[in-house]
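None of the values given here were measured: they were computed from a predicted structure. Labels below follow one simple rule: chain letters A, B, ... track the order of the sequence lines, proteins then strands, and each chain is numbered from 1.
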2 protein chains.
Amino acid sequence: MNLFGDHIRQRREELKAQNRDFSVRKVAAKVGLEPSYLSKIERGEQAPPSEEKIKVLAEVLGEDRDVLLALAGKVSSDLQEAIRRRPLLFAELIREIKDMPDHAVLRLVREVRDGDW
Amino acid sequence: MNLFGDHIRQRREELKAQNRDFSVRKVAAKVGLEPSYLSKIERGEQAPPSEEKIKVLAEVLGEDRDVLLALAGKVSSDLQEAIRRRPLLFAELIREIKDMPDHAVLRLVREVRDGDW
DNA sequence: GGGTGTGTGTAGTATATACTACACACAGAG
DNA sequence: CTCTGTGTGTAGTATATACTACACACACCC
């Protein structure tokens, strides 16, 4: 059950197959971590790093930051702040749609994005 | 800037004016905290307690849990989990509506709640 | 076979989080 | 004047978070 570690290891290995700049050491340097620490994270021996580091890692690996944060069991602080600013509205909205199927949520997103909201 | 502490102290004092069961000691006992700890929280000398304790406190004080959590700088774990399950959909939705005025978000909430979503 | 790069093992650290336990001083009630 | 309840001060603790520093063994290159 090492979702985060397995995911970034696989992604890094993919990139490494095409470009030598994706060794543990190189990626760790780009993110600003010790190589041994990143290695342990990939193998699930250490918990995922901080939100900040995960965001840089997502950039380096060309992945979506919110997906990577989710795999790490975290939620981006800007989303949390949006909820904290209007807790009643956001809490109700999220609880209302949290069990809806993907297509329904997607339709809602599109409606909001394209509509006159 | 002690939003959480000031808020719960004021609320507790209000209730205490009508009912002796809302002293620091009584409330702390109901929530499951040491009185001195609650006192320090109210005065901002200590950070707000855990999510669990805040939820019990909201119940005891008759307040909305999400509002209290927001004042404590937190977001309920069930909302976070909803986002983590579908990070792409939820992140986009929240970022799309986070700067919309209250009435627009409220209209959206109502539409989702009452509609055939 | 010496240098370079690779992943990883060992052994720590600093800071934050989330509290408890106990004692003290004061106020009002009987 | 003592008992009860009140808020609060002092002094801790356990656990988690988020890492660093350094060394080691192996593999490939020339």
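Under the 3.5 Å distance criterion, the side-chain polar atoms of B:R84 are left unmatched by any main-chain donor or acceptor of A:V75.
Residue-level contact check: B:K26 touches neither bases nor backbone, having no heavy atom under 4.0 Å from any strand. Note on A:S23: only backbone sugar-phosphate atoms sit closer than 4.0 angstrom, heavy atoms only; bases stay farther off. Residue B:K40 is classed as a base contact, given a heavy-atom separation below 4.0 Å to a base.
Here A:K55 pairs with A:E51 in a salt bridge; the nearest charged N to carboxylate O distance falls below 4.0 Å. Residues B:E92 and A:R113 are paired through a salt bridge, judged by an N-O separation under 4.0 Å between the basic side chain and the carboxylate. With salt bridges taken as basic N to acidic carboxylate O contacts below 4.0 Å, one links A:D66 and B:R95.
Both tests hold for A:K30 against A:F22: distance to the six-membered ring centre under 6.0 Å, angle to the ring axis within 45°.
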*Can you check salt bridge (charged side-chain N to carboxylate O under 4.0 Å, His left out) on B:D21 and B:K16, steps first, answer last?*
CA-CA 7 Å; B:D21 286 347; B:K16 188 185 159 194; over 6 Å; no
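Between the C1' atom of C:dT6 and the CD atom of A:E42 lies a distance of 13 Å, rounded to the nearest Å. Nucleotide C:dT6 holds its C1' atom 7 Å from the NZ atom of A:K16, rounded to whole Å.
Each of B:R25 and B:Y37 lies near DNA chain C, and the nucleotide nearest B:Y37 is the one positioned closer to the 5' end. Between B:S39 and A:A47, it is B:S39 whose nearest contact on DNA chain D lies nearer the 5' terminus.
From the 5' end on, the contacts that DNA chain D makes with chain B at under 4.0 Å to a non-hydrogen atom open and close at D:dT6 to D:dA11.
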